[in-house]
Amino acid sequence: MATPFSSTSTPVILLSLLFFCLLPASFSQPSPCNGVLITYHHLTGNEIPPILLPGDPVNQPYRFQSTLTVRNNGRDELKNWRVFVGFKHGELLVSAKNAVLANGTSLPANVSGGAVFAGSPVTDLKTAIQTAGDIDQMQAVVELVGTQFGVGGPGVPLPDTLALANDGFLCPNPTTQGNDTTVCCNPDPNAKTNITAVGDFSPLQSGDVTIMYDVVMTYESNYWAQVTISNHNPFGRLQSWNLSWDWMGGEFIYSMRGAYPKVVDTGDCIFGNQGQFYKDPFDFSKALSCERRPTIVDLPLSKTNDTNIGMLPFCCRDGIILPPAMDSTKSKSSFQMQVYKMPPNLNKTELDPPQNWNINSTIGPDYQCEQPIRVSPTLFPNPSGLPSHTAAIASWQVVCNTTRNETKKPTCCVSFSSFFNDSVVPCNTCACGCDSNPRNSNNNVCSATEPAMLLPAEALLVPFENRTRLAKTFADLKRREIPNPLPCGDNCGVSINWHLLSDFKDGWSARITLFNWGDTDIVDWFASVELDKVIPGFEKVYSMDGKVLPDSSNTILFLQGLPDLNYLIAERNGSNPRKDPRVPGTQQSVISFTKKKTPAGINVARRDGFPTKVYFNGEECSLPTMLPSSARRKAAASALFSTILSLILLILVLVQQ
């Protein structure tokens with residue numbers, strides 16, 4: 001009998017050992033992932049019309065199906081999971097089961113530059129410890145269907161990047177094998193946060209605009225939700241806001257208080273699945289909206305005390321939400337709605353918020369909203385005045401932040417002037433946009449690129465179409481060249497003049513003048529002026545309400561009208577409409593500063609006394625590209641400019657009265 005190490009068995013053992021030693025590394029047992037394991041698996045792909053092969057393989061479209069699996073192998077529950085997938089083949093995503101795009105974009109959507117996915121309806125992934133290894137509670141499997149371009153074989157079209165987008169995690173470069181791309185993300189031991197989760201809920205987040213979705217009553221087939229929009233942007237103002245979202249389970253709005261659908265239409269219900277499920281005597285004629293993506297608008301002030309659709313705190317403000325620095329009581333808007341559900345969610349505990357929120361305004365910046373996150377139930381004051389609060393049944397928060405739209409033109413502009421120069425640096429040419437073939441008011445061709453001509457002080461007070469003679473005469477007087485064609489106007493509805501009024505050893509002063517060239521009054525206006533170095537020396541605003549914003553690094557002065565004077569009237573006819581130009585609505589104030597509290601070495605005349613940014617009603621205004629020259633300081637210039645501007649403004653005030 002041969003022993004285990006006999007001469008007959010030795011070659012077999014040696015060959016076995018040699019075989020295992022020569023195994024490629026890919027066959028070795030991988031190290032376990034004790035963090036969050038993310039896997040992208042490409043299932044199928046096939047070409048779809050139009051068939052461009054073999055002539056144009058780059059633009060040939062292909063249908064693809066894949067899965068994105070997110071599994072929590074860590075010790076801590078993963079709240080509100082987010083995963084970035086670095087698509088790179090011109091992908092158009094058509095559907096995503098069990099997830100939504102985190103930036104609130106509805107599908108189908110172009111995700112060719114990569115996309116962040118968020119869980120929906122399951123947002124949190126529990127641990128194996130919490131669930132005794134229940135994989136269904138530990139992971140989310142997202143089924144993706146879409147279109148790719150130029151991905152014909154033999155390669156497999158996989159993303160080049162895969163990462164957990166939640167804060168506090170480190171993800172190495174992903175690995176690719178066959179049809180899979182995989183990465184294991186682990187908690188960052190050096191990550192620090194001052195945000196603490198409360199129990200099973202995520203903490204409230206901060207943003208420029210936040211939206212609370214609070215379920216306040218629930219039944220088997222429907223529930224009542226209260227939606228509260230809060231403005232936290234110190235420069236932002238929402239005007240005639242529009243709020244929209246996507247229902248994910250066939251829900252529809254039956255009734256509302258405090259707001260209303262922009263379009264009342266129940267056709268989708270009557271001819272859709274809702275009409276098949278809710279039979280007579282259910283009255284669809286009383287329903288308000290069956291759109292999958294409804295748009296909600298605010299009610300006018302006249303409906304505030306309407307017993308049918310009003311009578312709700314913070315409702316019915318005509319779509320105006322002011323910044324909190326202006327009036328904290330007017331910085332939010334609220335409404336309630338009755339939402340009917342569809343099978344299989346006919347249970348009073350089956351509560352899911354809508355997804356893909358969006359809010360926009362007729363003025364101010366654009367906003368991008370994240371997906372809702374579950375937070376601690378909101379506490380509402382007792383309506384009867386008792387010292388107690390009523391908790392919402394369930395609450396979600398949506399956070400929206402401003403985005404920069406490079407193609408969006410300003411709606412306001414700024415001109416500069418000073419006591420030491422009688423020339424006004426006007427608003428920039430086409431500051432608020434020009435047509436592709438620009439012409440002036442006399443239908444003459446104008447130049448969209450020629451710098452604006454320096455103006456005399458009195459020219460600021462007449463519409464642009466009436467400035468030509470003044471500008472040419474002033475240029476002749478100063479021996480300046482007159483361009484041909486003349487520069488186009490600024491085309492702004494609101495212009496602001498910042499005039500450096502005085503500069504002496506211990507202090508200085510400026511005067512700000514607002515002009516409304518539009519055809520409507522501007523109610524509850526506000527402006528923000530950014531001065532990088534001199535705000536610590538701010539003393540007083542004399543004819544407006546002014547204060548330094550506390551969270552602005554001590555650089556921003558916030559201005560608004562005094563009580564009962566917080567409006568800019570529209571442009572009006574002159575005193576003699578046959579010969580006098582139209583006159584703008586105006587407001588003006590002097591602002592004083594001391595130099596005792598400002599940094600040493602400031603130069604008010606050269607730069608520090610002029611704003612670096614100006615906002616009007618939340619819109620950033622166009623600033624001049626140059627400052628008034630201080631080469632020739634003339635006391636007479638200061639006196640002349642101030643006298644002319646003050647006298648004409650006084651006349652305008654008398655005319656407007």
Side-chain angles (χ1 to χ4, degrees), residues 208-209 231 233-241 320 322-323 326 360-368 401-417 424-436 438 440-441 446-453 455 459-460 463-465 467 487-499 512-532 549 552 555-560 568 570-571 584-587 610-627:
D208 292 322
V209 171
N231 182 17
N233 185 353
F235 311 127
R237 167 197 182 112
L238 290 115
Q239 182 90 22
S240 302
W241 56 260
I320 298 175
L322 301 177
M326 187 173 182
N360 56 50
S361 167
T362 56
I363 64 171
D366 295 330
Y367 292 90
Q368 180 174 293
N401 288 300
T402 58
T403 59
R404 190 171 185 84
N405 187 343
E406 299 295 341
T407 63
K408 186 176 182 180
K409 292 293 185 180
T411 59
C412 54
C413 64
V414 178
S415 61
F416 286 155
S417 55
V424 176
V425 180
C427 291
N428 294 326
T429 302
C430 300
C432 298
C434 277
D435 296 332
S436 56
N440 59 25
S441 59
C446 60
S447 173
T449 57
E450 184 70 31
M453 297 175 64
L455 299 174
L460 291 177
F464 182 83
E465 57 267 22
R467 294 179 185 176
C488 298
D490 54 69
N491 297 320
C492 295
V494 172
S495 63
I496 300 172
N497 174 249
W498 181 270
H499 178 68
I512 187 171
T513 308
L514 282 65
F515 302 92
N516 180 10
W517 303 101
D519 54 7
T520 58
D521 298 343
I522 301 175
V523 182
D524 289 328
W525 66 266
F526 65 92
S528 302
V529 179
E530 183 174 296
L531 295 157
D532 289 341
L549 287 182
S552 64
T555 61
I556 296 176
L557 181 64
F558 186 88
L559 304 170
Q560 61 180 318
L568 274 173
E571 188 181 56
T586 60
Q587 286 226 19
F610 292 92
T612 54
K613 286 185 180 180
V614 175
Y615 297 84
F616 182 80
N617 275 356
E619 297 267 13
E620 185 173 352
C621 302
S622 170
L623 292 183
T625 56
M626 60 182 291
L627 298 176

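Just so it is clear, the values below take in all heavy atoms, side chains as well, and ignore hydrogens, waters and symmetry mates. Just so you know, these numbers come straight off a predicted model, no measurement behind them.
Cys488 does not pair with Cys430 as a disulfide, the SG atoms being 2.5 Å or more apart. Taken together, Cys621 and Cys412 meet the criterion of an SG-SG distance shorter than 2.5 Å.
Within the 4.5 Å cutoff, the side chain of Pro451 has no heavy atoms near those of the Met626 side chain. Within the 4.5 Å cutoff, the side chain of Pro365 has no heavy atoms near those of the Thr403 side chain. Counting heavy atoms from C-beta outward, Asn428 and Cys413 have side chains that stay 4.5 Å or more apart.
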**Asked** Given Arg467 and Leu455, is the side-chain contact (heavy atoms from CB on, under 4.5 Å) satisfied, shown in steps?
**Response** CA-CA 9 Å; Arg467 294 179 185 176; Leu455 299 174; 3.9 Å; yes
**Asked** Checking side-chain contact (heavy atoms from CB on, under 4.5 Å) for the pair Ile363/Arg237: CA distance, chi angles, key distance, verdict?
**Response** CA-CA 7 Å; Ile363 64 171; Arg237 167 197 182 112; 3.5 Å; yes
**Item:** Pair Leu623-Phe610, side-chain contact (heavy atoms from CB on, under 4.5 Å): steps then yes or no
**Value:** CA-CA 10 Å; Leu623 292 183; Phe610 292 92; over 6 Å; no
**Worked verdict on Asn497 versus Ser417 for side-chain contact (heavy atoms from CB on, under 4.5 Å)** = CA-CA 7 Å; Asn497 174 249; Ser417 55; 3.3 Å; yes
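With sequence neighbours left out, Asp532 forms a side-chain hydrogen bond (donor to acceptor under 3.5 Å, both in side chains) with Thr612. Residues forming a side-chain hydrogen bond (donor to acceptor under 3.5 Å, both in side chains) with Ser361 (at least two apart in sequence, or on another chain): none.
In this structure, CG in Leu322 is found 12.0 Å from CG in Asn233, a value given to the nearest 0.5 Å. Here the CG atom belonging to Asn231 is positioned 11.5 Å from the CE atom belonging to Met326, to the nearest 0.5 angstrom. Distance check, rounded to the nearest 0.5 Å: CD of Glu619 to NZ of Lys409 gives 13.5 Å. Note that CZ of Phe616 is 11.0 Å distant from CG of Leu559, once rounded to the nearest 0.5 Å. With rounding to the nearest 0.5 angstrom, the CD1 atom of Ile496 is 10.5 Å from the CZ atom of Phe416. Rounded to the nearest 0.5 angstrom, Phe558 CZ and Glu530 CD are separated by 14.5 Å.
Of all non-hydrogen atoms in Pro487 and Ala452, the two that sit nearest each other are CG-CA, 4.2 Å. Nearest approach of Met453 to Pro426, heavy atoms of both residues: O-CG, 3.2 Å.
The side chain to side chain contact (heavy atoms under 4.5 Å, CB included) with Phe235 is formed by just one residue from the set Thr402, Asp208, Leu549; it is Leu549. Tested against Ser415, the residues Thr513, Leu460, Val425 include a single side chain to side chain contact (heavy atoms under 4.5 Å, CB included) partner, Leu460.
Put simply, the side chain of Asp490 never gets that close to the backbone of Cys432: no donor and acceptor are under 3.5 Å apart.
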Taking only distance into account, with no hydrogens and no angle test, what donor-acceptor pairs under 3.5 Å do side-chain atoms of residues 514-529 form with protein atoms, sequence neighbours excluded?
residue	atom	partner	partner atom	Å
Asn516	OD1	Gly518	N	2.9
Asn516	ND2	Thr520	O	3.1
Asn516	ND2	Leu568	O	3.2
Asn516	ND2	Ile569	O	3.0
Trp517	NE1	Ser495	OG	2.8
Asp521	OD1	Ala570	N	2.7
Asp524	OD1	Asn566	ND2	2.3

